[in-house]
2 protein chains.
Amino acid sequence: MQKGDVLFRQNQTTSGLYRVVSGCVTLQRTGMGGDTLTLHRAVSGGLFAEASVFSATYHCDAICTEAGSVTKIAKADVKATMQSNPAFSEGFTRLLAVQVQQYRAHIELLAIPSAKERILAAVQAGYFDATVTELATHINLSHEACYRALRGLCDDGRMLRVGRGKYSLS
Amino acid sequence: MQKGDVLFRQNQTTSGLYRVVSGCVTLQRTGMGGDTLTLHRAVSGGLFAEASVFSATYHCDAICTEAGSVTKIAKADVKATMQSNPAFSEGFTRLLAVQVQQYRAHIELLAIPSAKERILAAVQAGYFDATVTELATHINLSHEACYRALRGLCDDGRMLRVGRGKYSLS
DNA sequence: GAAGGCATATGATCAAGATCATAAAGAACC
DNA sequence: GGTTCTTTATGATCTTGATCATATGCCTTC
């Protein structure tokens with residue numbers, strides 16, 4: 001899996017869910033204006049497209065953003081294991097429940113009007129694990145606004161610039 | 001259950017999920033600034049707080065916005081039934097999977113920059129089933145901007161004003 | 001090493017939504 | 001009927017983030 005590779009695109013028929021062995025995959029949707037929106041970032045050990053097990057088509061694009069490898073788990077296998085193994089079933093359901101709550105938290109984050117406060121909340125929530133540009137697309141900000149807000153937070157003393165493109169909570 | 005009643009608040013210990021028999025309940029979170037954000041609206045027949053089955057505490061407030069009644073389903077009952085009834089288990093899991101996709105779609109909706117386009121998308125997605133004010137809190141707009149955008153869409157001929165506070169797609 | 005691409009960074013300008021203010025219609029309550 | 005509250009609705013002003021422009025550092029690739 002190389003950077004830029006497309007694992008699947010939205011509206012494609014679902015075949016199963018994926019586990020990231022190494023590298024990084026983002027789930028994103030492309031608006032009518034060509035603007036991309038990051039919905040999820042899966043790194044080593046993470047799963048993605050879990051909800052596809054109950055859907056006929058994928059609802060977003062899966063793009064590799066860091067070379068590595070993934071394993072696919074077929075829909076049928078998941079369903080069969082859910083039937084036969086209650087523990088797996090509960091685990092899988094819990095996984096989705098956690099996602100529901102994460103998305104709710106994310107929607108709440110997006111509702112924060114001020115760019116600075118939004119970024120601070122995002123950093124505190126551990127969203128900022130990649131590039132600033134990536135963070136920006138994740139939290140509905142232009143990357144310029146994102147850089148400026150980070151700069152502002154550093155000026156306020158609420159964050160620290162620890163290197164080029166590297167910031168941390170103070 | 002009267003209008004304004006609180007079914008539960010965030011951070012309270014979870015006891016189970018709910019089914020709305022009649023009336024309406026909204027799940028909302030209150031920001032540090034006192035601003036409220038609507039995360040979900042459950043009407044007759046709808047469930048809410050499903051994800052709480054796998055969580056120790058509720059992650060938002062449940063407020064009655066229209067008098068009616070609800071039934072509570074205990075966490076333990078859900079878990080037990082999931083163990084013994086694979087069909088129920090799959091159904092419940094599917095419910096959460098659908099929610100995950102709905103939230104993703106909602107996040108995508110929130111990413112639409114233009115107020116008019118965002119509202120149009122929200123109306124097409126069937127979000128506009130209550131008041132304009134309610135819709136506004138649901139899609140991260142001030143209610144003033146919401147009224148104005150609706151007016152603009154009517155002027156454009158893309159929507160129709162069918163009465164005071166009533167609009168429909170043209 | 002040269003070239004190209006991407007992330008970083010900042011400045012200037014502009015448009016769009018937030019905010020504040022005001023008012024009228026409708027519903028709820030006494 | 002009168003009072004109060006909410007929703008609807010619109011106007012004026014202001015802030016803020018989007019957009020456009022530009023430049024540099026870093027990494028990859030040839």
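In the text below, chain A, chain B and the rest are named by the order of the sequence lines, each starting its count at 1.
Between Thr133(B) and dT6(D), a side-chain N or O to OP1/OP2 separation shorter than 4.0 Å is absent.
Checking Ser114(B) against Val132(A), the closest nucleotide of DNA chain C that is more toward the 5' end is the one next to Val132(A).
The Ala145(A) side chain lies nearest to dG17(D) when the options are dC26(D), dG17(D), dG17(C).
For Arg148(B) against dT19(C), a side-chain-to-base donor-acceptor contact under 3.5 Å is present. Between the side chain of Arg151(A) and the base of dT10(C), no donor-acceptor pair of N or O atoms lies under 3.5 Å.
Nucleic acid contact for Thr131(A): sugar-phosphate only, since backbone atoms but no base atoms lie under 4.0 Å from a heavy atom of the residue.
Rounded to an integer number of Å, the gap from NE2 of His143(B) to P of dG17(C) is 15 Å. Note: CG (Asn140(B)) to P (dA18(C)) measures 9 Å, nearest angstrom. The OH atom of Tyr167(A) sits 8 Å away from the C1' atom of dA9(C) (whole-angstrom rounding). One atom, CD of Glu144(A), and another, P of dA23(D), lie 16 Å apart when rounded to the nearest Å. One atom, CZ of Arg164(B), and another, P of dT6(D), lie 15 Å apart when rounded to the nearest Å. Distance Ile112(B) CD1 to dA18(D) P: 15 Å, rounded to the nearest Å. For the pair Tyr147(A) OH and dT22(D) P, the computed distance is 19 Å after rounding to whole Å. Per the geometry, NZ belonging to Lys3(B) stands 12 Å off P belonging to dA27(C), to the nearest Å.
Using a 4.0 Å cut-off between charged side-chain N and carboxylate O, Glu117(B) and Arg158(B) make a salt bridge. Contact check on Glu108(A) versus Arg104(A) returns no salt bridge, with no Lys/Arg side-chain nitrogen under 4.0 Å from an Asp/Glu carboxylate oxygen. Salt bridge annotation for Glu90(A)-Arg94(A): present, with a cationic side-chain nitrogen under 4.0 angstrom from a carboxylate oxygen. Ion pairing between a basic and an acidic side chain is recognised when a charged N comes within 4.0 Å of a carboxylate O; Lys3(B) and Glu66(B) show no such pairing.
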Secondary structure string for DNA chain C (Watson-Crick or G-U under 3.5 angstrom, | for other-strand pairs): ||||||||||||||||||||||||||||||

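Summarising the geometry, atom CG belonging to Leu160(A) is positioned 4.5 Å from atom OG belonging to Ser168(A); distances are rounded to the nearest 0.5 Å. Once rounded to the nearest 0.5 Å, the distance linking CG of Asp77(A) with CG of Leu17(A) reads 9.5 Å.
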task: Could you walk me through whether Tyr103(B) and His106(A) pass the ring pair (Phe, Tyr, Trp, His ring centres under 6.0 Å) test, one step at a time?
output: CA-CA 10 Å; Tyr103(B) 278 122; His106(A) 188 62; over 10 Å; no

